[in-house]
Amino acid sequence: MADYTIKVRRFQPESGEGPYWEKFNVDLEPSLSVLDALLQAKDRDDGSLSVRCSCRAAICGSCGMKINGQSGLGCKTQIGEAQELAEKKASVGSGDGTIVIEPMGNMPVIKDLITDMESTHWTKIRRVTPWLLPHGEPPEREYVVEPESMIDITQSMACIQCGACVSSCLSMEADPDFIGPAALAKAYRFVGDPRDAETKERLHDLAHDPHGIYDCTHCFSCIDACPKGVAPMDQIMRLRRKAGEEGIEDPNSGHHHELAFVKIIEKKGTLDEVALPRESFTFGIKGKLKPSKRAIKEVIGALPTIFRTIRRGKVRSKWIAPHHKLPGGAQDEVKAIYEHAEEHREEFNLYIKGEEGDEEAAIAEGLEPPPHAPASEEAAQ
Amino acid sequence: MPTHDVLVIGAGLAGQRAALAAAEQGVSVGILSKVHPVRSHSNAAQGGINAALNPGDSWESHAFDTVKGSDYLGDQDAIAVMCEEAPEEILHLEHLGVTFHRNEEGKLGTRAFGGASAARTYYVADITGQAIMHVLYEQLMKHSDSVARYEEWFCTALAMDEQGECCGVVTRNIADGSMQLFSAKAVILACGGNGQAWKPTTNALICTGDGISMAYRVGAKLMDMEMIQYHPTTLAGKGFLITEGARGEGAHLLNAKGERFMERYAPNKMELASRDVVSRAEQTEINEGRGFPDGTVALDITVVPKKRIHEALREIVLVGRDFAGVDITKEPIHIKPGNHYTMGGIKTDIDGRTNIPGLYAAGETACVSVHGGNRLGANSLLDTLIFGRRSGADAAGRAKRIEGSRPSRGALEAEQASIDEIAAREKGSGRRVSEIKQELGTTMDAKVAVFRDEAGIQEALEIVRRLKEEAKSAYIDDKGNIFNQDILGAIELGYMLDNAECTCVAALERKESRGAQYRTDFPERNDEEWLKHIDLQQGDDGPEISYSEVTITQWQPEARTY
């Protein structure tokens, strides 16, 4: 047993008061969870402390919350680890070393740690037509599909709709209309499903929505927050790639922007911000293809920003100072990474590869080359 | 007053399947749940769902395994219905979009499971229940014009008309605390089991036996309430489940000496004998000093190929890592038998009908009985779906046939008064609800578990009855309306105490050992006197006992060895 103090952001809607902080002292094994701590406080001290919870085992998705500022599940976060993090934060001047527990972000708070998921999370889920749309009558027996395709979308099926990714999503903070990580991961579950007959329509819809797949900014917050390894951002990237493969022209030029990005890095090793808009809007073939009217409009619209960034020294014009090259043979290494990626197109999927850092499994699957020599005792066994 | 032809209480697999089946018949359907539907406990069913779908398999073989697994207490007509309809149900789920595991040909693939004579368990990694339930919820969203969802509404009582028929329910809208009377021509209870009356348990905090208790209070018959399954592989302390799929994939059970002890108890099926058999074997090892000091034995999953673990047992990798600090791919994990499943429940026929007209039950809340004394792994999902569907269809048929009566406001007022009374109790006037729940759970786990005897059960019954008295003055802190979980906890405590009392009474009554009921004072199965169901009905002084016949069609009872 160990003593802990948890500091909970409380809100009692019927009190007429605003939100406030309250500390509770609890004693439990370090291996028990933050949810266990909350339930102990609720059982012993104050039954009005409100938190949705049910399974206690990271299956039901009820207890999404922020712990020391990080979105996740209360039941899956060990109290001992939460304490360590709180102390670490305090040592760099953030907080007083007590575990801080708040309701999820990007959602209205109803009471204490209970948020309104219906008006945010579930509305967005329904936005992506979240049911299978097969063609015609089903076969007499099962649909015969590639075994890998089922494993592929099982990663999205592992989502428990806890909302932790939504809570952590920085794009949604900036644009509350963003369809968001959970709903887009759900969308991939259908787009990747060979039984669904509306793949193209779904992709078209998600690419053309100004708050759709190109609204994600690659911040990785959802991947960090997800307690089930669904990696919503990865699913969004798959949607983008498939949309590109389908030749879908989106209003943001999102697909071409990505291709331009990839191409520039391959060529120069770092991002040439001057080349990026040009390559994005003229489809990377300067002088051969005329930019579209909309692209010209976009570039003209971006001119004030471009001038401002040049003035502040954030980008350099290629005539004044050309984009620098990587030193030595570094560019060759970048090329080698591209070649490796081209040869290994497998998706990162936990059901195939195991948890991150599990090299043995990756080697067994041929996703990683075997080590040349046993580097450690463990590897020698 | 919200009015539906068919109203389903509970939105796990049985409830959602019932609602969809009723809606297919073109009647108006409501589905009401105290948690958002995808939070329901069907999520936790990891391993899979049984069906004799392979060309070499037969429903009769599945049925025989189920009958034998039930220790011959299961009703064979109901078991036949379940096993015969299983293949069609699996295909239906597949067509709706469940991402079932495929074999190399791209067809549905299976895994082995306990107590089964063939590999007939279909699965989605080890999230089968979750995958099916989320797909059914997709269908509920799709059919939202024909199925009204009441998410986070708590049911406090069933409403009865003057003819003694069920005609609605009294509910509390959790979001604002308002009480609402619902009118329905048929009510289907699909509220899950009662595992929270035991501590520890694999069951979620919501599994408080609500449906069983509400039905009991209006005179419905309960059956097989003594049959409580202890799952062989749960984590000590927290009670988390390690799927039987782990043993299905080849994992071994070892005692502290490193012996594969199942050799002594079930030399043929070894780790894949029926759950009651494996749990008793483990408990015997532990009781006789061959367990680990923490009162456990070990489950060794390291013998399963790593690739297969990641593909098929990923959830267990996470459970081991996050809740036990063990990498199951590298070392054995300590486990013990733990409370898991309510085989008994509200007595129904094969269409979910109870002895009360208009009242149906399906899933773990119900007792058809297809599980008898012991449920086979991967038969529970099947039970929820088959009998959920049948209940929904039959309830819709009733709704089309009858006029229906309106529930009286008296039911609503009585419930409101009872809630006001709970809220009005002074702090310190009695014990805290949480204290009583704690004492209930530890009592049941100590006295009404894997091994039982008269003295222990009697003691448990006396404690439960004392707790029932204490619950009447138990106080709560939260006096508000919005999301008052404290009030709900007090009502759930009452439900759990009803369930526990019934289990004790039935366990005391059955003076033999059969399935999950192992009486050390009556260690043999006694078909002559006890091949019958124990039925319970509410009387003035607690449950009144009667008996009903076990339906035996083609499988005569024989000695049960694995």
Side-chain angles (χ1 to χ4, degrees), chain A residues 12-14 31 42-44 46-48 50 52-62 76 78 110-111 114 117-118 125-126 130-132 134 138 141-147 150-151 153-154 157-161 189-190 193 195-196 228-229 350-355 358 360-361 364-365, chain B residues 35-36 38-41 43-44 91 94-97 99-109 124-125 127 130-131 134 138-139 141-142 151 175 204-206 238 240-241 306-307 309-311 314-315 317-319 321-323 325 432-434 476-478 480-486 489:
Chain A
Q12 294 281 316
E14 291 161 273
S31 64
K42 185 181 171 80
D43 282 352
R44 288 187 189 171
D46 184 356
S48 74
S50 300
R52 284 196 187 99
C53 55
S54 182
C55 74
R56 305 159 294 140
I59 302 167
C60 77
S62 300
K76 195 170 175 275
Q78 293 186 355
I110 295 175
K111 180 184 183 183
I114 296 174
M117 289 189 73
E118 171 55 31
I125 292 286
R126 290 193 292 269
W131 47 81
L132 195 74
R141 292 274 302 195
E142 67 270 38
Y143 289 95
V144 176
V145 296
E146 288 292 320
M150 288 293 114
I151 295 177
I153 52 174
T154 294
M157 283 306 299
C159 171
I160 55 174
Q161 310 293 349
R189 172 250 176 287
F190 300 103
D193 194 325
R195 296 169 294 183
D196 195 275
K228 303 303 287 188
L350 297 170
Y351 285 90
I352 299 167
K353 197 175 164 183
E355 294 306 305
D358 189 348
E360 278 175 56
E365 275 296 294
Chain B
V35 291
H36 186 284
V38 305
R39 314 292 175 220
S40 305
H41 192 56
N43 261 345
L91 293 175
E94 198 279 328
H95 295 156
L96 292 181
T99 57
F100 281 117
H101 170 81
R102 307 289 160 147
N103 60 23
E104 281 172 7
E105 294 169 6
K107 296 177 179 167
L108 295 173
V124 181
I127 55 167
Q130 175 188 326
H134 282 248
E138 291 166 11
Q139 295 298 309
M141 290 190 279
K142 181 180 178 184
E151 295 167 351
L205 296 166
I206 54 174
K238 281 199 161 186
F240 289 162
L241 178 66
K306 208 158 188 179
K307 179 187 174 207
I309 293 181
H310 289 309
E311 178 182 296
R314 184 176 158 248
E315 189 64 35
V317 176
L318 298 181
V319 168
R321 188 192 69 190
D322 297 331
F323 299 111
R432 287 183 79 83
V433 168
S434 54
I476 58 168
D477 301 324
D478 197 341
N481 291 312
I482 297 172
F483 264 91
N484 187 332
Q485 301 176 316
D486 233 4

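For clarity, every value in this text was computed on a predicted model and none was experimentally measured. Residue numbers start from 1 in every chain, and the chains themselves are labelled A, B, ... in the order their sequence lines are given, proteins ahead of strands.
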So how far is it from [X] [atom1] to [Y] [atom2], rounded to the nearest 0.5 Å?
X: His101(B); Y: Thr154(A); atom1: NE2; atom2: OG1; result: 10.0 Å
X: Asn484(B); Y: Ser48(A); atom1: CG; atom2: OG; result: 8.5 Å
X: Glu138(B); Y: Arg126(A); atom1: CD; atom2: CZ; result: 13.5 Å
X: His310(B); Y: Ile151(A); atom1: NE2; atom2: CD1; result: 13.0 Å
X: Asp486(B); Y: Lys42(A); atom1: CG; atom2: NZ; result: 5.5 Å
X: Ser62(A); Y: Leu205(B); atom1: OG; atom2: CG; result: 9.0 Å

In terms of heavy-atom proximity below 4.5 Å to chain B, should [X] be classed as side chain, backbone, both, or neither?
X: Ile114(A); result: side chain
X: Lys111(A); result: side chain
X: Asp193(A); result: side chain
X: Ile160(A); result: both
X: Gln78(A); result: side chain

Winner by heavy-atom pair count (cut-off under 4.5 Å) against chain A, out of [options]:
options: Glu105(B), His41(B), Gln485(B), Gln139(B); answer: Gln485(B)
options: Leu241(B), Ile309(B), Val433(B), Asn481(B); answer: Asn481(B)
options: Ile482(B), Val124(B), Ile206(B), Asp322(B); answer: Ile482(B)
options: Gly109(B), Ala204(B), Gly489(B), Gly325(B); answer: Ala204(B)

Of all the heavy-atom pairs spanning [X] and [Y], show the shortest one and how long it is.
X: Asp478(B); Y: Ser50(A); answer: OD2-OG, 4.4 Å
X: Leu132(A); Y: Lys142(B); answer: O-NZ, 4.5 Å
X: Arg39(B); Y: Ser54(A); answer: O-OG, 4.2 Å
X: Thr99(B); Y: Met150(A); answer: CA-SD, 3.5 Å

Could you check if a side-chain atom of [X] sits within less than 4.5 angstrom of a side-chain atom of [Y], using non-hydrogen atoms only?
X: Met157(A); Y: Gln130(B); answer: no
X: His134(B); Y: Arg189(A); answer: no
X: Glu118(A); Y: Glu151(B); answer: yes
X: Met141(B); Y: Ile125(A); answer: yes
X: Arg52(A); Y: Val35(B); answer: no

Atom group of [X] that falls short of 4.5 Å from chain A, counting heavy atoms:
X: Ile476(B); result: neither
X: Arg432(B); result: side chain
X: Asn103(B); result: backbone
X: Phe240(B); result: side chain
X: Leu96(B); result: backbone
X: His36(B); result: side chain
X: Val319(B); result: neither

_Between Glu142(A) and Leu108(B) (side chain of the first, backbone of the second, donor and acceptor by atom type, cut-off under 3.5 Å), is there such a pair?_
yes
*Donor-acceptor contact present, side-chain Arg141(A) to main-chain Leu91(B), <3.5 Å*: no
*Among Pro130(A), Cys55(A), Ala58(A), which residue forms the greatest number of heavy-atom pairs with chain B at distances under 4.5 Å?*
Pro130(A)
*Salt bridge check: are Glu94(B) and Arg195(A) linked by an N-O gap of less than 4.0 Å?*
yes
_Are more than 12 heavy atoms, taken from residues, nucleotides or ligands other than Glu146(A), located less than 6.0 Å from that residue's CD atom?_
no
